[in-house]
Number of protein chains: 2
Amino acid sequence: MTRPVVAPDTSRLQEACRRAGLRMTHQRLELFRELVGSPGHPSAEELHQRLRERIPTLSLDTVYRTLATFEALGLVRRISSPDHVARYDANPSPHHHLVCVRCRSIEDFSWPAVDELELPPRAAGWGLVQGVRAEVWGVCSACRQRANRPVRLPPENRGR
Amino acid sequence: MTRPVVAPDTSRLQEACRRAGLRMTHQRLELFRELVGSPGHPSAEELHQRLRERIPTLSLDTVYRTLATFEALGLVRRISSPDHVARYDANPSPHHHLVCVRCRSIEDFSWPAVDELELPPRAAGWGLVQGVRAEVWGVCSACRQRANRPVRLPPENRGR
DNA sequence: TTAAATGCAAATGATTTGCTCTTGG
DNA sequence: CCAAGAGCAAATCATTTGCATTTAA
């Protein structure tokens with residue numbers, strides 16, 4: 001890999017839409033820009049909030065539909081957080097996740113050693129492999145300091 | 001030998017409940033047995049179905065509450081499928097996942113090379129790491145053969 | 001006994017869908 | 001023009017919660 005050089009480069013979207021015979025709409029363009037232009041792993045809801053400033057009429061279901069389209073085009077990957085809200089990852093370079101089970105944050109990190117590893121035979125023969133990601137879970141530093149309760153014992157957890 | 005050799009070894013549950021001061025109920029016991037005794041990564045719904053044969057009065061919400069309790073006790077890990085239903089992994093040994101984005105199956109596989117790897121500094125300093133899992137996604141052989149449609153293009157996907 | 005746990009039913013909240021109107025090509 | 005896409009509202013469906021009843025300790 002060379003260098004990241006990321007300006008919200010819309011050519012990937014243009015290209016993907018053309019190949020698939022899909023129209024290039026204002027909504028798709030802005031959504032794509034928002035996805036690749038900002039870090040983190042936003043949910044559909046968050047993207048909707050942010051984009052309303054630019055496209056006041058944008059509806060939440062269009063965000064959902066567009067994200068599904070992007071996913072089918074391979075432009076984003078829908079990832080699942082410890083929370084039950086879907087989050088979207090538009091970072092095309094191989095990277096891995098640090099997942100905090102307390103605050104549900106997801107941080108990217110790179111781990112070249114994993115990227116370079118060869119899949120074991122069992123996995124290599126499984127089917128068509130599209131990607132590999134390591135998920136490291138635990139409690140982030142911020143949460144460790146903030147709340148020092150040892151374990152979240154009984155039910156009544158998941159304080160939405 | 002006179003050792004009973006409990007197939008689904010419930011001692012981990014007993015131990016965990018005692019430490020946490022939780023009661024040992026019929027429901028918890030059976031749910032735990034079902035979890036560790038059968039392979040795969042069942043959803044709450046599936047577990048509920050299976051257990052109704054043994055405990056006809058078992059309610060779905062008890063399954064949810066109990067699974068949340070088990071998770072807090074560290075007995076299972078709630079994993080997220082490409083689908084938006086939560087699945088539960090009670091396999092305590094380190095293992096990794098093969099996720100089919102088409103049929104949403106999740107298969108375990110072992111990958112010692114990853115287990116033996118050291119975390120990069122960024123991850124090591126992130127917080128309290130509880131586990132590491134590699135997620136390999138793609139299309140399983142069965143799905144590749146079955147449906148040979150090239151890509152799932154427009155929306156209207158997610159055929160529940 | 002008695003706080004914890006279950007079951008039931010109703011609530012919640014994310015995601016999806018039917019249908020009509022709008023718009024890109 | 002005219003089918004693909006967007007918007008609106010209503011529907012779904014997994015998951016959660018309030019409350020009365022049961023039960024493990």
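Atom set for the values below is all heavy atoms of this structure, side chains included, hydrogens, waters and symmetry mates excluded. Below, chain A is the first sequence line, B the second, and so on; all start at residue 1.
No continuous path of ILVMFWY side-chain contacts below 4.5 Å connects Trp126(B) to Val99(A), so the two sit in separate hydrophobic clusters.
Taking atom CZ of residue Arg87(A) and atom C1' of nucleotide dA14(C), one finds them 12 Å apart after rounding to whole Å. One atom, CD of Gln27(A), and another, P of dC8(D), lie 11 Å apart when rounded to the nearest Å. For the pair Leu51(A) CG and dG7(D) P, the computed distance is 11 Å after rounding to whole Å. Rounded to an integer number of Å, the gap from CZ of Arg78(B) to C1' of dT16(D) is 10 Å. Taking atom CG on Leu73(B) and atom P on dA4(C), their separation rounds to 15 Å, with Å as the unit. Put simply, CZ on Arg28(B) is 11 Å from P on dA24(D), counting in whole angstrom units. Counting to the nearest Å, the C1' atom of dA14(D) and the CG atom of Leu47(B) are 14 Å from each other. Atom-to-atom, CZ of Phe70(A) to C1' of dA6(D) comes out at 14 Å; the value is rounded to the nearest Å.
The two residues Asp115(A) and His96(A) have their closest heavy-atom pair at OD1-NE2, 2.8 Å. When every heavy atom of Phe32(B) is checked against every heavy atom of Asp9(B), the shortest pair comes out as CE2-O, 3.4 Å. Here the shortest heavy-atom pairing between Leu119(B) and Ala124(B) reads CB-N, 4.2 Å. In terms of heavy atoms, Ser110(A) sits closest to Pro120(B) at O-CG, 3.7 Å. A pairwise comparison of heavy atoms in Phe70(A) and Leu35(A) identifies CD1-CD1, 3.8 Å as the closest pair. Heavy-atom minimum distance, Trp111(B) versus Leu117(A): CZ2-CB, 3.8 Å.
Computed from C1' positions of five pairs at each end, the angle between the two local axes of the helix from dT1(C)-dA25(D) to dG25(C)-dC1(D) equals 40°, rounded to 10 degrees.
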- Item | Sequence-aligned protein contact record of nucleotides 19-25 of chain C, with B where the base is within under 4.0 Å of a protein heavy atom and S where only the sugar-phosphate is | ----BBS
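Side-chain contact annotation: His41(B) with Asn91(B), donor-acceptor N/O pair under 3.5 Å absent. Asp108(A) and His97(A) form a side-chain donor-acceptor contact under 3.5 Å, judged by distance and modelled atom types alone.
Within residues 54-62 of chain A, the residues approached by DNA chain D to less than 4.0 Å at the level of any non-hydrogen atom are Thr57(A), Leu58(A), Ser59(A), Asp61(A), Thr62(A), in residue-number order.
Counting heavy atoms from C-beta on, the side chains of Trp137(B) and Glu135(B) come closer than 4.5 Å.
Between Glu15(A) and Arg12(A) no salt bridge is recorded (no basic side-chain N to carboxylate O distance below 4.0 Å).
A sub-4.0 Å separation between OP1 or OP2 of dT16(C) and a side-chain N or O of Tyr64(A) is absent.
For the pair Ala44(A) and Gly21(B), both in contact range of DNA chain C, the more 5′-proximal nearest nucleotide belongs to Gly21(B).
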